[in-house]
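Remarks on the structure that follows.
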Amino acid sequence: MLEKTFRPEAVESRQYERWEKAGAFSADERSNRLPYAIMMPPPNVTGSLHIGHALTFTLQDVLVRYQRMRGKDVLWQPGTDHAGIATQMVVERNLAREGLDRHALGREKFLERVWAWKEESGGTILGQLRRLGASADWSRERFTLDEGLSRAVTKVFVQLHREGLIYRDKRLVNWDPVLHTAISDLEVQQKETKGNLWHIAYDIADSDEKIVVATTRPETMLGDSGIAVHPEDERYQALVGKQALLPLVGRRLPIVADAYADPTKGTGAVKMTPAHDFNDFAVGKRHGLEMVNIFDRDARLIETVPAPFQGLDRMAARAAVLQALEAEGRIVHTEPIIHMVPHGDRSGAVIEPWLTDQWFADAASLARPAIEAVEQGKTRFVPQQWESTFFEWMRNIQPWCISRQLWWGHQIPAWYAPDGQVFVAHDEEEARRMAGPGMTLTRDPDVLDTWFSSALWPFSTLGWPEETAALKKYYPGDVLVTGFDIIFFWVARMMMMGIKFMGEVPFRDVYVHALVRDAEGQKMSKSKGNVVDPLVLMDKYGTDALRFTLTALAAQGRDIRMNEERVEGYRNFATKLWNAARFCEMNNCRVVPDFNPRHMMEPVNRWMAGRLVVLARELENAYAEYRFNDVAQFLYQAIWGEFCDWYLEFIKPVLQGEEGPARQESRAAAAWIFGQLLHLLHPVMPFLTEELWGQLQGDGMLIGASWPAYDDALFDQEADRDLGWVIRVIGEIRSLRAEMNVPPASMVQLFVAEPDAASHERIRRYATLLQRLARIEKVETSVPLPRGGAAQFVVDGLLYSIPLASLIDLRKERERLHGELARLLGEDEKIQKKLANPNFVAKADPDVVEEQRLRLASIEASRRKLTQALDRLA
RNA sequence: GGGCACGUAGCUCAGCGGGAGAGCACUACCUUGACAUGGUAGGGGUCACAGGUUCAAUCCCUGUCGUGCCCACCA
């Protein structure tokens, strides 16, 4: 016996264990089934499940469960990411609480601590993924720092280096003075910040003249090595080639003509600080300006600046410089402005362009084939609009700074000789062979950007560089499911690396879903306190309700607003289905062996079977186009709106009537149909469906069942037409009853005016349903409509009448009919006008014209009948 | 500065060339033998605004207004 309500907490972990024990999640490269592969975007190893994860992993799980049912050999490759900066920051914070820092500890000890932290808190998120129902092949779980993946990283690095696609260079990089590491362009976030534009007067050397420059960063002037003006800027023509004197320092600054200087910005003369500004760096290179570095790794001023400023932090330096300039009367103008200031996305610190030696990947070269692949449709973005985002970035891609001054990550496989010579090799031994005997080698202490190893995920997880069977079968994957926030970080880089090392794109489709926001459309963040915790929602409403909600909300838009009421609604949906199961159980609806739905005789059963055919097709089409919201909506409508609302009501009279063939058939049919709905719903609500399947049908597990392949002949046109008519007639009667305030319990009579033979037969056949569902005492088809007050309506050109002599307000009923007639007249005129238009008839699709003619005929029939009805009332 | 979305019922959103939809909320009635986490019925929309294309525009195009996001080295 089923319990009174569905209790997810009693079901979820039990079913999940059954699945896992049965090996239902396992891919099998030796099977001859066609592969279907999704690479799980690896969450941070020490992370915890947030609503964004819940969305992305639900959608992936829905897809893999669906494809498994369709007979594919499904690989959903799970794993975690070491998340270099994020993880190292957490551990460093923990150390700080103990009054320690990583330098005091030393590299080896520190890494031990990180691994310990990984062991302790890693796996939390994987447990949470299991709660979500994720059916990934856990036996293949990988970690970006495990041995196999590290080998892949080293191989890729060495090969790219040997091809000149990875190189070491001294350039300006985005330096995070808090984390003490370089970061990539993508990890820099521009934030609007209030600041000032200070206009500062520099003296021209050997002259009384001055030149005024404008800057938002006066402290960097201590590193100035030139001034640029536009070559055609008449104001400064005479000064080009002369020198200015750097205030406070005294250095001579060449005044150069360069098109970079914009006459409309500031004063048109711009100070050049090549060691601390990306633009100035470029101008400096062009004009051979000196690179004066003034910062240490903390962004404190060093000995290249005058003594009074040395050791000052950036902000203190700014104040000191301004004060000194003020004292000399050099600040001619101060203008408050709002401008963009770069911040590190992890530390939040203001980023400093800083001159260092770093490793770079030649992203432009790697990007070219990736761009072509998308242009040629080898990889398809869904929705397609993201292609342009991808192209935009890839076509303007900058060298990728891949080295990080961290300890947690893949250490760069480069060794230095005492003379600075570099040997890039797979291991130290190889590096020694390259260096020759007796050389002392020191390994590069830096590690690689986390995204470097993530970029290899689609093939490194499959055993590359070994040529494994898994690699052959599951690369390329079918689809990558992800949010648009990591198209650049990850998708683009997987494309580059996949094509480079596998010779083929890593996935055929990229499904880009929206980001989850709160009910007000705000980005969720811990500081705002508006974070919706998926675990709480699962506790409260069950995992299936959350999964259904996320599926239903996954329309292809820009963002998703998460509100709890929606989850509650889909919890109700789960309850509804549960109660339908109880109904089946109570009425002894049991599966019959070798049941063949094609042999069903009862029209209601044939009708519902036809609805299944339609539903399955709709779902298949929706899945093929990643229209998850449609998947959810079709299921909701069919299960609640058709199966529960109509079908179960239709079979009640039979199930609760006399024993006989009809009752026997309907019991079996209801059980079969219910089982089919469980199949179709399973990918989205796996726990509930599996539980009901087990309790009611008990034949194997749903997770291993096949997706229904219905014969089109199962759709019975006549049954569909008939039951459609039944539904409309019942709807009309109910509507009129409510409008006339006929008490729900009271019975009425239904008269049908002059039905033809076919209608007569149809009415006879479905009279029981009409009586039962519309509370009709008797359906009368053979007598003329009675005189007196009655509620009348038209369905399919046939006039129906419900005598309500005592209840009816004749005047009101006349008004209602007049209103109805007026509405029909309006429609009628609109269509007539359309059909009278020769252009419409000539140019419109013939099907459309025909459709309009049919509509007109039907409307006019209704009008005639309603006019009759009105006459009768008079 | 460049680019991309989005403005449809009170709310959240589907639809996207030929009859305005869903869920929630709201109103009325109903404890009927699966289900009150329910049933039945109902109210509610110049589909942001203005032009244009078309036989036909919520849907396509242009512009305006509003909202959100991404990218960018402009002092």
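Residue numbers begin at 1 in each chain, while the letters A, B, ... track the order of the sequences.
- The partner of B:G33 cannot be assigned: no Watson-Crick or G-U wobble pair with both contacts below 3.5 Å exists in any strand.
- Under the 4.0 Å criterion applied to side-chain N and carboxylate O atoms, A:R314 and A:E219 are not assigned as salt-bridge partners.
- Heavy-atom nearest nucleotides on RNA chain B were determined for A:G731 and for A:S388, and the one closer to the 5' end corresponds to A:S388.
- Atom name P, nucleotides B:G18 and B:C47: the rounded distance is 15 Å, in whole Å.
- In this structure, B:U12 forms a base pair with B:A22, meeting either the Watson-Crick or the G-U wobble geometry with both donor-acceptor distances under 3.5 Å.
- Distance noted for atom P between B:A9 and B:C59: 15 Å (whole Å).
- Using a 4.0 Å cut-off, some side-chain N or O of A:R561 falls inside it from OP1 or OP2 of B:U12.
- Here the nucleotide nearest the side chain of A:V848, chosen from B:U37, B:A34, B:G18, is B:G18.
- Remark: A:R171 is not positioned above the aromatic ring of A:W354, lacking an NZ or CZ atom under 6.0 angstrom from the ring centre and at most 45 degrees off the axis.
- One finds a side-chain N or O of A:R855 lying less than 4.0 angstrom from the OP1 or OP2 phosphate oxygen of B:G19.
- Residue-level contact check: A:Q637 touches neither bases nor backbone, having no heavy atom under 4.0 Å from any strand.
- You'll find the side chain of A:K271 stays beyond 4.5 Å of the side chain of A:L253, heavy atoms only.
- Between A:S735 and B:G42 there is a side-chain N or O to OP1 or OP2 distance below 4.0 Å.
- Distance from the side chain of A:Q385 is smallest to B:C4 among B:U37, B:C4, B:A34.
- Phosphate contact (OP1/OP2 of B:A34, side-chain N/O of A:K652, threshold under 4.0 Å): present.
- Across the strands present, B:G1 finds its partner in B:C71; the criterion is a Watson-Crick or G-U wobble pair with both atom distances under 3.5 angstrom.
- Nucleotides B:G44 and B:C26 place their C1' atoms 9 Å apart, quoted to the nearest Å.
- Closest heavy-atom contact between A:R318 and A:P218: CG-CG, 3.8 Å.
- Among the heavy atoms of the strands lying under 4.0 Å from A:E649 is at least one base atom, whether or not backbone atoms are also near.
- Only the C1' atoms considered, B:A57 is 15 Å distant from B:G19, to the nearest whole Å.
- Within the 4.0 angstrom heavy-atom criterion, base atoms lie near A:D262.
- Rounded to the nearest Å, the gap between the C1' atom of B:G10 and that of B:G52 is 34 Å.
- When both pairing distances are held under 3.5 Å, B:C60 makes a Watson-Crick or G-U pair with B:G52.
- A salt bridge between A:E739 and A:R737 is absent, with no side-chain N of the basic residue lying under 4.0 Å from a carboxylate O of the acidic one.
- Counting to the nearest Å, the P atom of B:G38 and the CD atom of A:E568 are 9 Å from each other.
- Comparing B:C4, B:C69, B:U37 against the side chain of A:F484 picks out B:C69 as the nearest.
- Here the P atom of nucleotide B:C55 and the CG atom of A:N839 are 6 Å apart, to the nearest Å.
- Remark: B:U27 base-pairs with B:A41; criterion is Watson-Crick or G-U wobble with both hydrogen-bond distances under 3.5 Å.
- Dashed line: the shortest gap from a side-chain N or O of A:Q190 to OP1 or OP2 of B:C74 is not under 4.0 Å.
- The same atom, P, is picked in B:G45 and in B:A34; the two are 38 Å apart, to the nearest Å.
- Rounded to whole Å, the P atom of B:C6 lies 16 Å from the corresponding atom of B:G63.
- Phosphate proximity of B:A34 to A:K4: absent, as no side-chain N or O sits under 4.0 Å from OP1 or OP2.
- Put simply, A:W640 has a side-chain N or O that comes within less than 4.0 Å of OP1 or OP2 on B:G39.
- When the nearest nucleotides of RNA chain B are assigned to A:I730 and A:D277 by heavy-atom distance, the more 5′-ward of the two goes with A:I730.
- Rounded to an integer number of Å, the gap from NZ of A:K191 to C1' of B:A72 is 18 Å.
- Ion pairing between a basic and an acidic side chain is recognised when a charged N comes within 4.0 Å of a carboxylate O; A:R217 and A:E352 show such pairing.
- At B:G38, one or more side-chain N or O atoms of A:N572 fall inside 4.0 Å of OP1 or OP2 (strictly under the cut-off).
- Distance, A:N396 CG to B:G3 P: 13 Å, rounded to whole Å.
- Not less than 6.0 angstrom separates the ring centroid of A:F634 from the ring centroid of A:Y623.
- At the heavy-atom level, A:G268 lies under 4.0 Å from base atoms of the strands shown.
- Residue A:M340 has its side chain nearest to B:A72 when only B:A75, B:A14, B:A72 are considered.
- A:K812 has no carboxylate O lying under 4.0 Å from a charged side-chain N of A:E815, or vice versa, which leaves the two without a salt bridge.
- One atom, CD of A:E565, and another, P of B:C11, lie 14 Å apart when rounded to the nearest Å.
- Comparing atom distances between the A:D645 side chain and each of B:G38, B:U40, B:A14 picks out B:U40 as nearest.
- Comparing B:C29, B:A34, B:C55 by their closest approach to the side chain of A:P744 singles out B:C29.
- At the heavy-atom level, A:A261 lies under 4.0 Å from base atoms of the strands shown.
- At the heavy-atom level, A:E851 lies nowhere under 4.0 Å from the strands shown.
- In this structure, CZ of A:R582 is placed 13 Å from C1' of B:U37, rounded to the nearest angstrom.
- Using a 4.0 Å heavy-atom cutoff across all strands shown, A:G569 reaches no nucleic acid atom at all.
- Base contact: A:C644 has a heavy atom under 4.0 Å from a base atom.
- The separation between A:L2 atom CG and B:U37 atom P is 19 Å, rounded to whole Å.
- Distance noted for atom C1' between B:U58 and B:G39: 34 Å (whole Å).
- Within the shown strands, B:G66 is the pairing partner of B:C6 under the Watson-Crick or G-U definition, both distances less than 3.5 Å.
- The CZ atom of A:R775 sits 11 Å away from the P atom of B:U32 (whole-angstrom rounding).
- A:D845 comes within 4.0 angstrom of a nucleotide base, judged by non-hydrogen atoms across all strands.
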Discussion item. Checking A:S184 against A:E187 for the side chain to side chain donor-acceptor pair (under 3.5 Å) test, could you report, in this order, the C-alpha distance in whole Å, the side-chain angles of both residues, the deciding distance, and whether it holds?
Written reply: CA-CA 5 Å; A:S184 77; A:E187 291 158 281; 2.9 Å; yes
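- Taking the six-membered ring for Trp and thresholds of 30 and 60 degrees, A:Y636 and A:Y570 have ring planes more than 60 degrees apart, a perpendicular arrangement.
- Of all nucleotides listed (B:A14, B:A34, B:A41), B:A41 comes nearest to the side chain of A:R734.
- Of the candidate nucleotides B:C70, B:G23, B:A34, B:C70 has the atom nearest to the side chain of A:F488.
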